[in-house]
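Along the sequence shown, residues are numbered consecutively beginning with 1. Note that the structure is predicted; figures quoted are calculated from it, not measured.
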Amino acid sequence: MDFLQPILRMGETVNRHKGLDIDWAALSFDAILTAELARSYKPAPAVYQLAVDYLGYRPHEILMVACHKYDLKVARAFGMRTAFVARPLELGSGATPDTTAETWFDLYLDSFVALADALGA
């Protein structure tokens, strides 16, 4: 999957002011982008535009990973690729979040380990 080449290319400056440890859990990130940096909240288009502006990629070159379909719907409409990671226990054992696959997902996975495998990490 060539479109899944290194996705994050922003320096650590923005993340360091948030006190984030970029090498948390032995996972290396070039950047962690949050809606707060856009001074907005998903699903506002400004949040998705932030990724385009900071990363310097076109929307179709960016993979949005989420466990909420509404995040991915907006990202897809914005032109981004989508990866859904099912988290059936996200809301506790008594809840039943919608984790069914959709035909418009580029990737549908049952764990972040499976996502890493799909990305060739």
Side-chain angles (χ1 to χ4, degrees):
M1 295 184 181
D2 291 337
F3 74 89
L4 298 178
Q5 293 308 307
I7 297 168
L8 301 176
R9 289 286 178 223
M10 187 175 76
E12 297 179 12
T13 304
V14 170
N15 298 316
R16 288 208 186 278
H17 88 276
K18 305 281 288 174
L20 298 174
D21 181 357
I22 302 303
D23 293 322
W24 176 79
L27 298 172
S28 180
F29 297 92
D30 292 319
I32 298 172
L33 302 177
T34 69
E36 293 154 334
L37 293 172
R39 295 196 165 114
S40 192
Y41 296 95
K42 295 182 285 182
V47 176
Y48 303 87
Q49 186 64 49
L50 171 81
V52 172
D53 293 343
Y54 271 61
L55 300 174
Y57 288 98
R58 294 180 301 231
H60 74 274
E61 297 173 311
I62 298 171
L63 177 68
M64 171 68 171
V65 179
C67 66
H68 302 116
K69 291 182 180 184
Y70 69 87
D71 283 340
L72 296 178
K73 282 182 185 177
V74 178
R76 173 59 105 198
F78 204 76
M80 294 178 178
R81 303 288 183 129
T82 60
F84 182 86
V85 177
R87 294 178 55 202
L89 298 176
E90 174 189 15
L91 304 175
S93 60
T96 56
D98 181 6
T99 60
T100 57
E102 302 288 349
T103 58
W104 49 269
F105 295 155
D106 291 299
L107 295 170
Y108 175 82
L109 307 139
D110 62 1
S111 70
F112 286 99
V113 172
L115 174 63
D117 290 342
L119 297 175

By side chain to side chain donor-acceptor pair (under 3.5 Å), Arg39 pairs with (sequence neighbours left out) none
Worksheet item: What class does the angle between the rings of Tyr48 and Phe78 fall in, given that below 30° is parallel, 30 to 60° is tilted and above 60° is perpendicular?
Response: tilted
To the nearest 0.5 Å, what is the distance between [atom1] on [X] and [atom2] on [Y]?
{"X": "Leu119", "Y": "Leu107", "atom1": "CG", "atom2": "CG", "value": "7.0 Å"}
{"X": "Glu61", "Y": "Arg81", "atom1": "CD", "atom2": "CZ", "value": "9.5 Å"}
{"X": "Thr82", "Y": "Ile62", "atom1": "OG1", "atom2": "CD1", "value": "13.0 Å"}

Over all heavy atoms of both residues, which pair between [X] and [Y] is shortest? Give the atoms and the distance, please.
{"X": "Val85", "Y": "Ser111", "result": "CG1-C, 3.7 Å"}
{"X": "Ala51", "Y": "Leu33", "result": "CA-CD1, 3.8 Å"}
{"X": "Ala86", "Y": "Thr99", "result": "CB-CB, 3.9 Å"}
{"X": "Tyr57", "Y": "Val52", "result": "O-CG1, 3.4 Å"}
{"X": "Ala46", "Y": "Ala38", "result": "O-CB, 3.8 Å"}
{"X": "Leu109", "Y": "Ala118", "result": "CD2-CB, 4.1 Å"}

Side-chain contact test, heavy atoms from C-beta onward, threshold under 4.5 Å: evaluate it for Arg87 versus Phe112 and give yes or no.
yes
Under 3.5 Å, which donor-acceptor pairs link side chains of residues 64-75 to any protein atom two or more places apart or in another chain?
residue	atom	partner	partner atom	Å
His68	NE2	Glu90	OE1	3.3
His68	NE2	Glu90	OE2	2.9
Lys69	NZ	Asp98	OD1	3.0
Lys69	NZ	Asp98	OD2	2.9
Lys69	NZ	Thr100	O	2.9
Lys69	NZ	Thr100	OG1	2.9
Lys69	NZ	Glu102	OE2	2.7
Asp71	OD2	Lys42	NZ	3.1

